[in-house]
Amino acid sequence: MLDIKRIVAKNISEQVSQLDIEQIYENLEYPPNAEMGDVALPCFKLSRILRKSPNQIAQELASSITPSQFIEKVEAVSGYLNFFINRPLFIEKVVDRIMVEQDKYGSSDIGKSRNIVIDYSAPNIAKPFHVGHLRSTVIGNSLRKIFEFMGYNCIGINYLGDWGTQFGKLITAYNLWGSKQAVEEKGIKELMRLYVKFHQEAEKNPSLEDEARSWFARMERGDKQATELWQWFKDISIKEFEKVYDLMDVDFDYYTGESFYNDKIEPIIEELKQKGLLIESQGALIVDLEQYDMPPCLILKKDGSTLYATRDIAAAIHRKREYGFDKCIYVTGASQSLHFQQWFKVIELMGYEWANDLIHVPFGIVSLGGEKLATRTGKVVLLEDIMSEAIKKTLEIIESKNPGLENKEDVARHMGVGAVIFSDLYSNRIKDVSFSWDEILNFDGETGPYVQYTHARACSVIRKSEETTVDDNNFNSRLLQTKEEYQLCKTLYEFPEKTRMALSQLEPSIITRYLVDLAQDFNRFYHEHPILVDDKELRKARLSLVKAAKITLANGLRLIGLKPLEKV
RNA sequence: GCGCCUGUAGCUCAGCUGGAUAGAGCAACGGACUUCUAAUCCGUAGGCCAGGGGUUCGAAUCCCUUCAGGCGCGCCA
């Protein structure tokens, strides 16, 4: 594998006995622009060790390093030692590697025989799927793809919000204002209406809250009437969620919601008691976390029913036994950070050393016109509506740009849905986002359609080239001398570095950003240099670059959960 | 009140474990399609990196502090 920093570091270490290769490697960086060189060593830190001025060190090293096959020249510029590499050789190595590795380019096997549980999406039963849930779904889905790309075995779990007092509320509302017919006809929309009405009425009549709690308590005792209603609501909801997941090409290995762990809680409570962690406080059972500067973790309410944390603890222990995970990752909103810290600590206090393998991956909230999204008040943008608008807009563009395209509907679906996913994965996950129709339906610039368009453009050139001759993959990289060609190649080279970063930071946006950079470099190259030229050698060389870009774009797109499109 | 997160161009955001003149896109304005898909490309304009201290040869980046916004903080999830 080609590692230009390593080559340079090795070269320097042969000249300076006081420094080992790793130290040098760590300090190497890429200069801000190509005229300065390809790899640089800032000599300021060395100044103290070597007791010379940075400039002097750079000068001396510059004159003592002899050019090699890979390093063409070395320059000292104001304290920096700048290396200029053999660009044709670099291009050849990078493109060859991509040609060989194909859809594995950027991947790794560091995760071999390791299991990762990823808990994502987790919508609440009886509530519509809106933009807020979208984030967990797309971030989790992308992380899963990234982990798999790095060799891990992933278990995707959709931890449905199918248990809790909210169902008491829903049952209460259904009994008071609902009808079987309305729910059957309107599905989740009717359930939401009932839920919203409950909260409106409960403001005037707080006793409704008590009734809701008692219905939930009945559910926990296995009461027939309560359970049947709950199961019915759940079936309706899952059916609707699956439509959304199909649309987005997202899937899960298990749909084990909170209710799944219901019968696994009792032993956990016993265990907590045995380990002396549970104490009674104001009628409830808690784990005190004061010495860890956290509020207590509530385990059982005074009416004996469970809480979110209780179920999370039971679920984690169950998952550890079941899947023997190396890491268990929870993709949920940042507002739940304290909750996760609390119950992670409880797991640790229970004596499980794998408490450190539990990871919360938080993300910022989605707001709408400055207001928080809330199902209770009905203030939501439904995912269904966003997707259909995006698809509609895409179809319109296709009709005007490329009306002869085959499979228009299918392309429009991938393009439109992809645009929404892309935009959600575009900035750092921790940032709050403000939903805007204008932004989500803008297909110019740093967007999913831009990257897809670029990929399709590359495919198109490759297709055209194959109409005349089938070129082999040998090419003369010395014919690729322009700055656009080199820049494109440099960016292609960075891909494996980016996938590693995305993995270690659990940050899909690193890939999304990268795709935009790569697409920009490709489009500049494409615009500036004709590819299907008469000169056979030049054509082969440029075409190789196009193929390498196409492969890398496709690999990146898959990592964020999009299907690379061949024609748009 | 305490804790966590965020603050970079009019808007949306990049900026790696500190490094060379702070980068994109959108919006605005001006250019480029008889030639491989113009959902593209090129150019112009736009910045006391929230304010103030400090550490350092060097700070958007690290530390302290103030301000602004968001999110949490016992029977919701």
Side-chain angles (χ1 to χ4, degrees), chain A residues 26-27 29-33 36 40 42 44-45 47-48 53-54 77-80 82 122 124 161 163-166 169 213 258 281-286 293-303 305 307-309 311-312 332-339 341-342 362 364-365 367 372 394 397-398 400-402 405 415 419 423 426-428 430-434 436 438-439 442-454 456-465 497-498 501 505 509-510 513 516-517 519-520 523-524 526-533 539 542-543 546 567-568:
Chain A
E26 294 291 303
N27 280 303
E29 56 189 49
Y30 301 119
N33 68 59
M36 291 169 163
F44 310 98
K45 283 181 192 159
S47 158
R48 200 163 297 155
S53 77
V77 184
S78 56
Y80 286 87
N82 292 336
N124 291 322
W163 206 247
T165 314
Q166 54 182 323
K169 292 177 182 174
R213 268 193 288 273
E258 295 178 57
S281 168
Q282 298 166 33
L285 291 179
I286 66 162
D293 295 318
M294 280 187 274
C297 184
L298 260 74
I299 302 295
L300 281 183
K301 299 190 224 173
K302 60 184 166 203
D303 68 1
S305 59
L307 286 130
Y308 189 34
R311 296 189 284 273
D312 272 337
T332 80
S335 59
Q336 295 182 40
S337 292
L338 177 61
H339 161 76
Q341 274 181 53
Q342 287 177 302
I365 54 163
S367 62
K372 202 178 153 184
T394 309
I397 295 174
I398 292 172
S400 70
K401 308 266 183 190
N402 193 5
L405 181 70
M415 195 70 131
S423 105
Y426 172 64
S427 51
N428 286 341
I430 199 65
K431 296 243 167 131
D432 290 346
V433 296
S434 176
S436 138
D438 284 350
E439 250 167 70
N442 173 30
F443 293 173
D444 299 327
E446 299 170 330
T447 65
Y450 172 71
V451 178
Q452 288 284 23
Y453 173 78
T454 307
R457 222 180 192 187
C459 290
S460 175
V461 181
I462 295 166
R463 259 196 320 272
K464 284 241 158 57
S465 78
E497 208 168 308
K498 297 292 179 181
M501 281 170 68
Q505 294 175 33
S509 70
I510 289 173
R513 289 276 161 190
V516 169
D517 286 343
Q520 281 175 346
N523 282 321
R524 280 182 197 125
Y526 177 94
H527 190 265
E528 215 56 43
H529 308 290
I531 294 149
L532 303 178
V533 291
R539 167 192 161 113
R542 289 195 178 144
L543 202 53
V546 175
K567 292 180 184 175
V568 297

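Proteins come first, then strands; the chains are lettered A, B, ... in the order of their sequence lines, and each starts at number 1. Keep in mind that the numbers below use all heavy atoms, side chains included, and drop hydrogens, waters and symmetry copies.
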Respond yes when some side-chain nitrogen or oxygen of [X] is under 4.0 Å from OP1 or OP2 of [N], and no when none is.
X       : N      : result
K431(A) : A14(B) : yes
S47(A)  : C57(B) : no
N428(A) : A14(B) : yes

Considering every strand and a 4.0 Å limit on heavy-atom distances, what is the contact class for [X]: base, sugar-phosphate, or nothing?
X       : answer
E497(A) : nothing
G161(A) : nothing
Q336(A) : base
A284(A) : base
I510(A) : nothing
P54(A)  : nothing

Separation of the [atom1] atoms in [N] and [M], to the nearest angstrom:
N      : M      : atom1 : answer
G7(B)  : A50(B) : P     : 8 Å
C11(B) : G31(B) : P     : 28 Å
G43(B) : C4(B)  : P     : 45 Å

Exercise. List the steps, then state whether side-chain hydrogen bond (donor to acceptor under 3.5 Å, both in side chains) holds for K431(A) with S509(A).
Key: CA-CA 11 Å; K431(A) 296 243 167 131; S509(A) 70; over 6 Å; no

Self-check item: Summary of protein contacts for nucleotides 26-40 of chain B, nucleotide by nucleotide, where a base hit scores B, a sugar-phosphate-only hit scores S (4.0 Å, heavy atoms)
Solution: S---------BBSBS

